[in-house]
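Lettering follows sequence order; numbering is per chain, from 1.
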There are 2 protein chains.
Amino acid sequence: MTGHTQSPDPTLDPELCPVHRSLEIVGDRWTMLILRRALLRGTTRFADFRDGLHIAPNILTDRLGKLVDEGIMERHGYREPGSRERFEYVLTEAGREFNMLVSALAGWGAKNRPLENSRRVDAYTLDDQRPVELAYVTPEGERVDPQRVSTRRRDLGDNPR
Amino acid sequence: MTGHTQSPDPTLDPELCPVHRSLEIVGDRWTMLILRRALLRGTTRFADFRDGLHIAPNILTDRLGKLVDEGIMERHGYREPGSRERFEYVLTEAGREFNMLVSALAGWGAKNRPLENSRRVDAYTLDDQRPVELAYVTPEGERVDPQRVSTRRRDLGDNPR
DNA sequence: TCACCTAAGTAGATTTTTGCAACTCAGGTG
DNA sequence: CACCTGAGTTGCAAAAATCTACTTAGGTGA
C-alpha cells in the first residue's frame with residue numbers, strides 16, 4: 001500500500017538537483033547553440049554568433065548577457081588596428097567545462113541520428129593532440145557501455161513518483 | 001583581408017552537426033526535464049510526470065508525443081487490477097542513451113553550481129552496481145581532465161566565423 | 001568637414017509558444 | 001447510478017521569440 005502523503009517533491013526544486021541547476025542555464029533553445037559555436041569554432045564576436053546562428057540580435061544580447069552574469073563567458077574589450085574598441089565574449093573555465101556536454105550531445109546525435117555527410121565532433125588533448133572520447137569508466141579505469149549503466153536513484157525503491 | 005564571400009555556413013544546417021541534431025530534440029525547456037525524471041526516478045506515467053514536474057498537461061502531451069515520434073519513448077498500455085487500461089511511457093534504447101547527457105549535466109551542475117544540500121546524481125553498472133563516472137578517456141584508457149581537452153574543429157584554422 | 005563604413009547593439013510590431021484552468025472521456029467501484 | 005481516477009483536450013491569457021528597422025560610437029577617405 002503506498003498510502004503515502006504527497007510529500008512536497010524535493011526534485012522539483014532546481015536547487016536540489018544538479019541536472020536541473022544546469023538546465024536552468026542551458027535549457028533553452030539558443031544558449032547551448034551559442035556555447036557549441038564558442039567551443040567548436042572559437043567564435044567570440046557578436047556579429048559572428050548572430051550571422052552564424054541566424055539568431056535575432058535582441059535574443060543574442062539577452063543570452064550573452066545571461067552567460068556573462070552566470071560567469072560562463074566574459075565580455076572583453078579588444079581593438080583591431082584602425083578600428084575603435086569593440087567587445088568579444090570568451091568562455092571562462094566554467095564555460096569551457098561545457099565541452100563534456102557538447103561531447104555528450106554529439107555522441108547521442110552521431111549514434112542515434114547518424115547522417116551520411118555529417119560533420120564529426122572530435123575531442124583531443126590540448127597538449128599532445130591525442131584523441132579522447134567521452135565514456136563511463138570505473139574507478140579502476142575500465143570503460144563501461146552506456147547501456148550497462150544506470151543513473152536511477154536507489155533511495156527511491158521502485159516508487160517513480 | 002578575409003575578402004571571402006560568405007559561404008552558406010554549413011554548421012547552420014542541423015543536418016550537418018550532430019550536436020544540433022540532438023538539440024533539435026532536447027533543446028527546449030521541458031524535454032530534458034522529462035527525460036531526467038524518466039532516467040533518475042523511473043517515472044513512466046502521465047500523471048506522475050505532470051505532478052512531479054508541475055508541467056501543464058497540454059505541454060506534457062505534446063512533449064511525450066514528440067518523444068514517441070522520435071523513437072525515444074514508447075507508449076504502452078498497461079492494466080492494474082480493478083482499473084481500465086491506461087498508458088505509460090517507457091524509454092527505448094535510444095532514450096536510455098541520454099544517460100550520458102544527464103550525467104554530463106549533473107557533472108557540470110555539481111562542479112560549477114555546488115550546493116550544500118543538493119542531491120547527488122550517481123551512475124553505476126547495472127550488473128554489479130559498481131560506481132562509474134563520465135570522463136574523457138584516451139583509447140588506452142587513460143582519463144583526461146576536461147580542462148585539458150579541446151573540442152575545437154581543426155579544419156577551420158583560426159577562423160571562428 | 002562630411003559622407004560613408006562597421007560592429008554592437010536597441011526598439012517596436014507580429015507571431016509563436018507556454019501556462020493556466022476548466023472540462024471531457026472512458027471505464028471501474030460502492 | 002453517482003462518483004472516482006488517469007489521461008488527456010480546449011480556449012484564453014501571458015510570455016517569449018522573431019523580424020525588421022533604427023541607433024550609436026568611432027574610424028576612413030575625399
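With salt bridges taken as basic N to acidic carboxylate O contacts below 4.0 Å, none links A:Arg75 and A:Glu88. A salt bridge does not link B:Arg29 to A:Asp28: none of the charged nitrogens lies less than 4.0 Å from a carboxylate oxygen. Salt-bridge check for B:Glu70 with A:Arg113: passed, with a basic side-chain N closer than 4.0 Å to an acidic carboxylate O. Between B:Glu133 and B:Arg143, at least one side-chain N (NZ, or NE/NH1/NH2) sits under 4.0 Å from a carboxylate O, which counts as a salt bridge.
Computed from coordinates, the A:Arg45 CZ to C:dT6 C1' distance equals 12 Å when rounded to whole Å. For the pair B:Arg50 CZ and D:dG6 P, the computed distance is 8 Å after rounding to whole Å. As rounded to whole Å, 10 Å separates atom C1' of D:dG6 from atom CG of B:Asp48. The distance from atom CD1 of B:Ile59 to atom P of D:dA13 is 17 Å, rounded to the nearest whole Å. For the pair A:Arg161 CZ and D:dG6 P, the interatomic distance rounds to 8 Å; values are reported in whole Å. B:Lys66 places its NZ atom 8 Å from the P atom of C:dT17, with the value rounded to the nearest Å. Atom NE2 in B:His54 sits roughly 13 Å away from atom P in C:dG19 (whole-Å rounding). As a whole-Å value, the separation of B:Arg29 CZ from C:dT18 C1' is 8 Å.
Mapping B:Asp28 and A:Thr44 onto DNA chain C by nearest heavy atom places A:Thr44 at the nucleotide closer to the 5' end. Of the two residues contacting DNA chain D, namely B:Glu88 and B:Asn58, the nearest-nucleotide position lying further toward the 5' end is that of B:Glu88.
Taking CZ of A:Arg37 as the reference point, atom SG of B:Cys17 lies at 10.0 Å (rounded to 0.5 Å). With values rounded to the nearest 0.5 angstrom, B:Phe49 atom CZ is found 7.0 Å from B:Ile34 atom CD1.
Taking only side-chain nitrogens and oxygens, A:Tyr78 comes nearer than 4.0 Å to OP1 or OP2 of C:dA8. Look at B:Arg75 and you'll find a side-chain N or O under 4.0 angstrom from OP1 or OP2 of D:dG8. When the side-chain nitrogen and oxygen atoms of A:Trp30 are compared with OP1 and OP2 of D:dT18, one or more of them lie within a distance under 4.0 Å.
Nucleic acid contact class of A:Phe87 (heavy atoms, under 4.0 Å, all strands): sugar-phosphate only. At the heavy-atom level, B:Phe49 lies nowhere under 4.0 Å from the strands shown. At the heavy-atom level, A:Ala56 lies under 4.0 Å from base atoms of the strands shown.
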Contacts under 3.5 Å, N or O only, protein and nucleotides 27-30 of chain C:
| unit_1 | atom_1 | unit_2 | atom_2 | d |
| --- | --- | --- | --- | --- |
| C:dG28 | OP1 | B:Arg79 | NH1 | 3.4 |
| C:dG28 | O3' | B:Gly82 | O | 3.0 |

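Between A:Tyr89 and A:Thr43, every side-chain heavy-atom pair lies at or beyond the 4.5 Å cut-off.
Residue side chain B:Asp51 does not reach the base of D:dG6 through any donor-acceptor N/O pair under 3.5 Å, judged by distance alone.
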